[in-house]
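Notes for the one structure printed next.
Bear in mind the structure is a predicted one, so any value in this text is a computation, not a measurement. Whatever order the structure lists them in is the order used to number ligands and atoms, beginning at 1.
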Amino acid sequence: MSEVEHKLHLTVNAISHTTNTPKQTKDIGFILGKTLHGGEVIAITGDLGTGKTHFVQGIGQGLGLVSSEITSPTFALIHEHASLIPLFHIDLYRLESLAEVEAIGLEEYFTRNGVIVIEWAERAMSLLPAKKIAVTILHEGGDKRKITITKNSDNQSETLK
Ligand code: ADP
Ligand code: MG
């Protein structure tokens with residue numbers, strides 16, 4: 001079991017890990033993906049080109065999907081990927097108003113027992129449940145990215161540095 005995998009299984013609420021290649025970012029997503037059971041909401045924040053989509057590809061792989069099929073929904077707000085545990089991939093980059101998110105009926109997806117992953121989640125944070133997995137990706141120069149995964153429960157949010 002890798003260090004990241006080990007930490008994700010602990011009761012520790014947050015982990016940080018630095019990656020140096022797109023593949024490594026995907027691998028962290030993969031490890032997270034394998035821990036999911038359905039029903040989780042994963043809110044990803046991070047600037048353009050930090051690797052959010054690569055991370056989602058890894059999550060998809062962890063759920064048994066083919067990662068090359070996972071691309072950012074550009075014209076649709078949401079892509080559905082059927083799997084034993086379905087993946088609902090949302091990208092809010094082009095979002096113009098919160099009403100658009102309300103229109104896709106997020107609540108309905110929450111009841112479908114899949115994994116909901118949202119890129120640019122900061123654009124609709126107020127519409128997301130308190131209980132979620134928050135992923136932040138920071139560009140640290142060159143190909144270096146710092147990925148922090150925080151598990152927020154209903155009434156607490158702890159970040160371990
Ligand atoms: P986003 O969805 O955040 O806009 P993408 O995953 O689409 O980002 O693209 C990330 C870009 O950064 C790709 O061109 C990828 O090759 C590059 N890259 C370089 N280093 C990394 C890294 N450590 N992790 C993820 N992507 C990286
Ligand atoms: Mg993207």
Side-chain angles (χ1 to χ4, degrees), residues 1-8 14-36 40-83 85-106 109-110 114-129 132-152 157 159-161:
M1 191 182 277
S2 73
E3 186 197 343
V4 174
E5 199 170 357
H6 181 63
K7 285 179 181 168
L8 277 171
I15 64 159
S16 276
H17 190 81
T18 300
T19 67
N20 295 293
T21 65
K23 162 96 170 51
Q24 288 175 356
T25 294
K26 236 170 157 175
D27 287 347
I28 305 295
F30 177 75
I31 291 166
L32 176 63
K34 281 198 302 178
T35 70
L36 304 172
E40 294 91 351
V41 175
I42 302 175
I44 309 182
T45 57
D47 288 341
L48 196 63
T50 45
K52 297 180 297 298
T53 300
H54 278 77
F55 190 85
V56 179
Q57 288 174 337
I59 291 175
Q61 250 177 344
L63 295 172
L65 291 160
V66 177
S67 76
S68 60
E69 287 174 7
I70 299 171
T71 54
S72 267
T74 304
F75 297 108
L77 219 48
I78 187 161
H79 277 173
E80 294 191 27
H81 299 276
S83 185
I85 301 171
L87 174 68
F88 303 112
H89 181 195
I90 298 174
D91 188 322
L92 301 179
Y93 182 57
R94 289 190 166 73
L95 188 74
E96 284 174 7
S97 76
L98 278 183
E100 289 176 52
V101 186
E102 281 163 352
I104 65 173
L106 271 185
Y109 290 99
F110 296 152
V115 170
I116 302 173
V117 183
I118 305 153
E119 293 188 47
W120 293 99
E122 59 269 53
R123 304 201 168 173
M125 215 47 110
S126 62
L127 298 179
L128 304 184
K132 58 185 170 294
I133 298 171
V135 177
T136 305
I137 309 181
L138 279 180
H139 197 165
E140 295 208 310
D143 287 350
K144 210 168 157 186
R145 308 288 193 267
K146 185 178 177 191
I147 303 173
T148 303
I149 303 173
T150 312
K151 291 182 179 174
N152 293 336
S157 164
T159 302
L160 213 95
K161 291 277 151 53

Side chain to side chain donor-acceptor pair (under 3.5 Å) partners of residues 90-104, not counting sequence neighbours, each pair once
Ser72-Asp91
Atom 25 (C) of ligand 1: which protein heavy atom is closest, and how many Å away?
Thr25 OG1, 3.3 Å
Can you tell me if Thr53 has an N, O or S atom under 2.8 Å away from the Mg ion (ligand 2)?
yes
In the complex you have, is atom 14 (O) of ligand 1 within reach of the protein, judged by whether a heavy-atom distance drops under 4.0 Å?
no
How far is atom 11 (C) of ligand 1 from its nearest protein heavy atom, and which residue and atom name does that atom have?
Gly49 O, 3.7 Å
Got Thr71 and His79 here, is their nearest side-chain heavy-atom distance under 4.5 Å?
yes
What's the shortest distance from atom 8 (O) of ligand 1 to any protein heavy atom, and which residue and atom give it?
Gly51 N, 3.1 Å
Nearest protein heavy atom with distance in Å, relative to atom 16 (O) of ligand 1:
Pro22 CG, 3.4 Å
Test your reading of the structure: does Ser72 have an N or O sitting under 3.5 Å from an N or O of ligand 1?
no
For Asp47, the ligand 1 atoms whose distance to one of its heavy atoms is below 4.0 Å:
3 (O)
Is Glu119 close enough that one of its N/O/S atoms sits under 2.8 Å from the Mg ion (ligand 2)?
yes
With a cut-off of 4.0 Å, which atoms of ligand 1 are near a heavy atom of Glu119?
2 (O)
Atom 23 (N) of ligand 1: nearest protein contact (heavy atom, Å):
Asp143 O, 2.8 Å
Is the shortest heavy-atom distance from the side chain of Val135 to the side chain of Ile28 under 4.5 Å?
no
Between atom CG of Leu63 and atom CZ of Phe30, what is the distance when rounded to the nearest 0.5 Å?
9.5 Å
pair Leu77-Leu95: side-chain heavy atoms closer than 4.5 Å:
yes
Using a 4.0 Å heavy-atom cut-off, say whether Asn20 meets ligand 1 through its side chain, its backbone, both or neither.
backbone
Contact (N/O only, under 3.5 Å) between Thr21 and ligand 1
yes
Closer than 3.5 angstrom, by distance alone: can the side chain of Lys144 be matched with the main-chain N or O of Gly141 as a donor-acceptor pair?
no
How far is atom 17 (C) of ligand 1 from its nearest protein heavy atom, and which residue and atom is that?
Arg145 NH2, 3.8 Å
What is the nearest protein non-hydrogen atom to atom 9 (O) of ligand 1, stated with its residue, atom name and distance?
His54 ND1, 3.7 Å
